[in-house]
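Following: one structure in structure tokens, then a few remarks.
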Amino acid sequence: MSAPGTALISGGSRGIGRAAALRLADDGYDISIGYRSDEEAAAQLAKRLDESGVRCLTHRLDVADPQAVRDWVGRTEGELGPITVAVASAGITRDRPMLMMSDQDWQEVIDTNLDGVAHVCRAALFPMVKRKAGTIITLSSVSGVLGNPGQGNYSASKAGIIGLTRALAKEAGRFGIRANAVAPGMIETDMTAVLTADQRDRTLGAVPLGRFGTAEEVAEAIAFLASDRAAYITGAVLQIDGGIVL
Ligand code: NAD
């Protein structure tokens, strides 16, 4: 079987992005990890991948900067070869009710989560269209599907990602390129580690499966969507949420 190519993963140093990097490496991809600040986490992941014989690069950038994203994509293609999968996982929260939200908290979340995902999708799409091959996977959230009080900025960004992903699926399908979103519920990562015990209990009460998910469970769905097993799936929003939206 031929090598599956290179997987580019924004937010790949931690949480869901990190789990996706490890899972896609298991499937034989070379791995390009983009991250914002946690150099130590990125270096540790690169070491682990290196030691298991996976070709990998790490690249520090702010996904909100479109030129920085284009530079990362160019470097990845130059050093590792054609990007066949792009996973846009970088994301942040700045939770506050809308009445109390600062302009800065609104803007930072939109810049990173919505603009950042758009920059990654656009930059990766160019070489994919030229080759008429590739697939894009974006990270939305149940907050983007349902709207979540205290997360107006985050919910708006994650709903925007669904619209963007579906538009991309329609635009790029004729080039043989698929675009899908995953919409996780509550997943055990640094992002949810900040919740108070009370917030966790209240959330868990709404999850039919009665627990938070793991980053590995989301990564499994990402690996499926990246693979030929999902060859006829595009424009989908795959909820991985223990049933929280039911
Ligand atoms: P995390 O906080 O553990 O990791 C976030 C990653 O994004 C890190 O690698 C960080 O370096 C990177 N990042 C943040 N801002 C960046 C920027 N401006 N430029 C480049 N990289 C940046 O988060 P996570 O829990 O793994 O979440 C991953 C994605 O999944 C996010 O988009 C998040 O919104 C989404 N999501 C998470 C959950 C959850 O419960 N954890 C639920 C639904 C959706």
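Every number for a ligand or one of its atoms is a count from 1 in the order of the listing. Sequential numbering from 1 along the given sequence is applied to the chain's residues. The figures here come from the full heavy-atom set of this structure, side chains too, leaving out hydrogens, waters and symmetry mates.
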Item to check | Distance (rounded to the nearest 0.5 Å) between Arg36 CZ and Ile92 CD1 | outcome: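 The CZ atom of Arg36 sits 7.5 Å away from the CD1 atom of Ile92.
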Under a 4.0 Å threshold between the charged nitrogen and the carboxylate oxygen, would [Y] count as salt-bridged to [X]?
X      : Y      : answer
Glu188 : Arg211 : no
Arg75  : Asp71  : no
Arg23  : Glu220 : yes

Checklist entry - Can you tell which of Lys158, Arg94, Gln107, Glu108 makes a side chain to side chain contact (heavy atoms under 4.5 Å, CB included) with Asn153? => result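 Going through the options one by one, the only one that passes is Arg94.
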Item to check | For ligand 1, the residues whose heavy atoms come within less than 4.0 Å (ordered by chain, then number) | outcome: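 Those residues closer than 4.0 Å to ligand 1 by some heavy atom are Gly11, Ser13, Arg14, Gly15, Ile16, Tyr35, Arg36, Leu61, Asp62, Val63, Ser89, Ala90, Gly91, Ile92, Thr112, Leu139, Ser140, Ser141, Tyr154, Lys158, Pro184, Gly185, Met186, Ile187, Thr189, Asp190, Met191, Thr192.
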Checklist entry - Cluster question for you: counting only ILVMFWY and a side-chain heavy-atom cut-off of under 4.5 Å, with indirect links fine, are Met191 and Ile187 together? => result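 No.
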